[in-house]
Novice: 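Sharing a structure, written as structure tokens. Questions coming.
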There are 2 protein chains.
Amino acid sequence: MISNIAELIADRIGAMPAGERRAAQTLIANYPMIGLKTVAEFSSAAGVSSPTILRFVARLGFQNYPEFQSGLQDELAAQLQSPAIRTLNPPSPNGGTVSPMLEATLDNMRETFRHLSDRQLADIATRLAERRGKTFLIGGRFTDPLARYMAAHLAVIQPDVFHLAGQESMWRDRLIDMGKRDVLVIFDIRRYQGSLLRFAEKAHQRGVQIVLFTDQWLSPIARFARHVIAGRTAVPSAWDSSAALFVVAETLIGAVTRQLEADGARRIREMEGLR
Amino acid sequence: MISNIAELIADRIGAMPAGERRAAQTLIANYPMIGLKTVAEFSSAAGVSSPTILRFVARLGFQNYPEFQSGLQDELAAQLQSPAIRTLNPPSPNGGTVSPMLEATLDNMRETFRHLSDRQLADIATRLAERRGKTFLIGGRFTDPLARYMAAHLAVIQPDVFHLAGQESMWRDRLIDMGKRDVLVIFDIRRYQGSLLRFAEKAHQRGVQIVLFTDQWLSPIARFARHVIAGRTAVPSAWDSSAALFVVAETLIGAVTRQLEADGARRIREMEGLR
DNA sequence: GGAGCGCTGTATCGTATGTTACGTATTTTG
DNA sequence: CAAAATACGTAACATACGATACAGCGCTCC
């Protein structure tokens with residue numbers, strides 16, 4: 001049973017020609033506000049012509065555009081009446097494949113942050129922001145993108161940020177550059193990689209401060225780490241989820257940025273100028 | 001400070017003549033929906049004439065009726081963006097520095113999935129799983145790690161998965177390998193990169209099916225995309241958040257894996273054997 | 001490689017909508 | 001109580017909006 005227009009679109013979008021599909025996608029993206037504006041605004045937002053918009057609403061079963069808008073307004077009105085039933089999509093009508101995954105992920109994040117004190121996060125942020133030395137980031141097979149993501153952001157707001165990529169032998173050589181004043185951020189979740197462990201140990205021996213992002217079972221690298229962030233990774237999937245760690249990373253990026261704001265803002269402006 | 005139109009009305013309703021006061025009262029009674037309808041409907045609902053409605057909105061300081069409607073729409077849009085959770089749930093017990101960021105991120109994810117139908121996700125997963133051709137992934141400056149993350153997983157369960165890295169000229173050369181049977185997954189959020197747009201256009205011309213991960217404002221690449229996933233990115237930080245898109249990516253990875261389970265399981269076992 | 005079909009945009013049209021002018025009613029004030 | 005000022009509705013107007021006809025283009029299927 002299809003109750004609202006969003007579902008109706010999702011149901012039929014597969015059978016739509018390219019132009020109308022673009023209309024559908026822009027409507028979904030900012031649902032339902034675009035649909036309440038004029039045909040001209042809708043069409044230009046979607047990058048198609050007005051007739052395409054009209055054909056789109058006609059395909060949805062509406063006689064004309066005003067009738068379509070009335071439909072959207074009725075939905076909105078019903079929604080505003082009962083704020084409790086705020087869900088546009090009925091609360092997971094299809095015991096579908098999506099919801100359990102999302103639910104588990106949200107739980108993971110709440111759990112992760114529950115075990116993570118503001119204090120700890122602030123300490124790490126401060127350590128990264130004070131920039132007494134260099135910052136290196138590295139990750140495992142599936143978590144290396146997280147290291148890259150964090151490096152990409154940090155590199156904008158401060159110098160001396162390096163992502164360690166490529167072969168094991170490559171980064172081992174970088175050990176020479178590392179010392180007491182430097183920070184090494186490592187991402188390592190199951191199955192923990194021996195190569196990372198060996199690397200972490202050597203860095204530790206050189207006095208490098210290690211910040212470890214790992215899962216709740218703790219990578220063996222925790223033994224050498226100054227700071228350990230343990231994220232929940234369990235989801236109903238064949239794979240572990242790094243989403244919670246990703247959010248922690250973003251939070252940390254935000255915190256560091258805030259601390260460097262005076263400095264960073266100038267840097268960012270300068271960089272904008274270079275574009 | 002008066003922030004929304006409802007307050008504005010409450011502030012000035014005392015100084016209004018009878019007819020306009022009736023207009024004000026009917027608007028507040030079913031706020032704001034009546035205001036989004038036509039002047040004629042509004043006037044008859046209030047039991048006054050059209051000009052009275054127009055004088056009413058003029059007294060509120062609007063130049064004309066459409067401008068008044070835009071004001072209401074903007075309010076609604078702002079309301080819908082930050083859903084009820086914030087008003088329902090107490091504003092986060094520990095008012096620490098962490099919570100606002102986490103809260104916003106969780107909201108973003110809920111909001112993103114609310115606009116994302118299971119159907120659409122399933123369609124994309126099927127397209128990726130049927131493997132008629134090759135799968136290419138690429139991302140922008142900050143989103144490329146997401147492309148890498150997804151590529152790293154997909155590459156385990158099926159052959160012919162390629163992440164496009166490095167310089168623009170590098171991937172442009174790969175266009176030769178791409179055709180109708182292939183899929184190109186692009187991550188592009190603000191500020192949208194011209195290089196990606198050009199690449200997407202050329203790929204589209206070659207008949208490549210494009211799956212686009214973007215933000216709610218839709219990258220211009222949406223024009224060429226077969227499937228568009230619009231994630232929320234707004235967080236209280238200097239940076240945009242890619243966390244919602246990350247979770248969608250993980251969900252998609254999970255869905256593809258499930259579809260390929262028969263095949264994939266064998267592959268995974270084989271790969272384990274190679275370690 | 002050619003014929004047919006379907007999709008999309010341009011240009012035009014009719015109309016519903018917001019706007020304004022004016023006359024009447026109602027209230028206010030001296 | 002009278003006169004003026006304000007408020008309100010009717011009716012005519014102009015504009016901008018949605019609707020439609022048509023032609024060009026690309027795609028698919030013989």
Side-chain angles (χ1 to χ4, degrees), chain A residues 9 12-27 32-73, chain B residues 5 12-27 32-73 132 178-182 201-210 220 222-226:
Chain A
I9 294 170
R12 305 201 185 169
I13 196 173
M16 287 182 188
E20 299 180 29
R21 193 163 48 231
R22 288 177 56 196
Q25 283 158 345
T26 45
L27 176 58
M33 297 316 292
I34 287 267
L36 297 178
K37 300 188 186 296
T38 66
V39 174
E41 286 181 273
F42 190 171
S43 67
S44 74
V48 298
S49 66
S50 321
T52 300
I53 298 295
L54 296 174
R55 281 189 284 263
F56 163 66
V57 303
R59 192 182 299 266
L60 292 179
F62 295 97
Q63 291 300 319
N64 48 31
Y65 194 71
E67 184 179 307
F68 162 72
Q69 289 188 317
S70 297
L72 290 177
Q73 287 193 8
Chain B
I5 297 177
R12 302 198 186 172
I13 195 171
M16 287 184 187
E20 298 180 29
R21 189 172 313 141
R22 291 187 60 186
Q25 282 161 345
T26 46
L27 175 56
M33 297 315 293
I34 287 270
L36 297 178
K37 301 190 185 293
T38 67
V39 176
E41 285 180 276
F42 190 171
S43 66
S44 74
V48 297
S49 67
S50 321
T52 300
I53 298 296
L54 295 175
R55 281 188 284 263
F56 163 67
V57 303
R59 192 183 298 268
L60 292 179
F62 296 97
Q63 292 298 320
N64 49 32
Y65 195 70
E67 186 180 305
F68 162 73
Q69 289 188 316
S70 297
L72 290 177
Q73 286 193 11
R132 297 187 314 174
M178 304 188 192
K180 280 198 236 305
R181 317 177 77 85
D182 302 327
E201 181 170 11
K202 291 194 187 100
H204 174 69
Q205 283 167 357
R206 297 185 62 89
V208 179
Q209 286 212 9
I210 294 179
R223 168 185 206 87
F224 309 115
R226 181 74 175 76

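Letters go in sequence order (proteins before strands), and every chain restarts at 1. Hydrogens, waters and symmetry mates are skipped; everything else that's a heavy atom, side chains included, is used. What you are looking at is a predicted structure, and each value in this text was computed from that prediction instead of being measured.
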Novice: Without decimals, in angstroms, what is the distance between F62(B) CZ and dG18(C) P?
Specialist: 15 Å
Novice: Is the shortest heavy-atom distance from the side chain of I34(B) to the side chain of E41(B) under 4.5 Å?
Specialist: no
Novice: May I ask you to verify if any side-chain N or O of S49(B) is less than 4.0 angstrom from the OP1 or OP2 atom of dT10(D)?
Specialist: no
Novice: Rounded to whole Å, please give me the gap between CZ in F56(B) and P in dT19(C).
Specialist: 14 Å
Novice: Check the distance between dC7(C)'s C1' and R22(A)'s CZ and give it to me in whole angstrom.
Specialist: 13 Å
Novice: Of the listed nucleotides (dT8(C), dT19(C), dG18(D)), which one gets closest to any side-chain atom of L54(A)?
Specialist: dG18(D)
Novice: I need the CD-P distance between E41(A) and dC17(D), as an integer number of Å.
Specialist: 8 Å
Novice: Between L60(B) and M16(B), is any pair of side-chain heavy atoms under 4.5 Å apart?
Specialist: yes
Novice: Of the listed nucleotides (dG18(C), dT10(C), dG18(D)), which one gets closest to any side-chain atom of V39(A)?
Specialist: dG18(D)
Novice: Which nucleotide wins on minimum distance to the side chain of T38(A), given the candidates dT19(C), dT17(C), dG18(D)?
Specialist: dG18(D)
Novice: Quick check for you: among dG9(C), dA19(D), dT19(C), whose closest atom lies nearest to any side-chain atom of R55(A)?
Specialist: dG9(C)
Novice: Distance check needed: dA16(D) P versus E67(B) CD, whole Å only.
Specialist: 15 Å
Novice: Going by heavy atoms in the side chains, are K37(A) and F42(A) under 4.5 Å from each other?
Specialist: no
Novice: Checking contacts here: which listed nucleotide (dA11(D), dT20(D), dA19(D)) is nearest the side-chain heavy atoms of P51(B)?
Specialist: dA11(D)
Novice: Looking only at non-hydrogen atoms, find the nearest pair between A23(A) and I53(A) and report the distance.
Specialist: CB-CD1, 3.8 Å
Novice: Considering heavy-atom distances to DNA chain D, does K180(B) or G19(B) have its closest nucleotide positioned more toward the 5' end?
Specialist: G19(B)
Novice: Report the distance from atom CD of E20(A) to atom C1' of dG9(C), rounded to the nearest whole Å.
Specialist: 13 Å
Novice: Distance check needed: dG18(C) C1' versus N64(B) CG, whole Å only.
Specialist: 9 Å
Novice: Assign each of R223(B) and Q63(B) to its nearest nucleotide of DNA chain C by heavy atoms, then name whichever residue's nucleotide is nearer the 5' end.
Specialist: R223(B)
Novice: Side-chain N or O of S50(A) less than 4.0 angstrom from OP1 or OP2 on dG9(C)?
Specialist: no
Novice: Check whether any side-chain heavy atom of R226(B) sits under 4.5 Å from a side-chain heavy atom of I210(B), and report yes or no.
Specialist: no
Novice: Can you tell me how far P of dC8(D) sits from CZ of R59(B), to the nearest Å?
Specialist: 8 Å
Novice: What does P17(B) touch in the nucleic acid at a heavy-atom separation under 4.0 angstrom: a base, only the sugar-phosphate, or nothing?
Specialist: sugar-phosphate
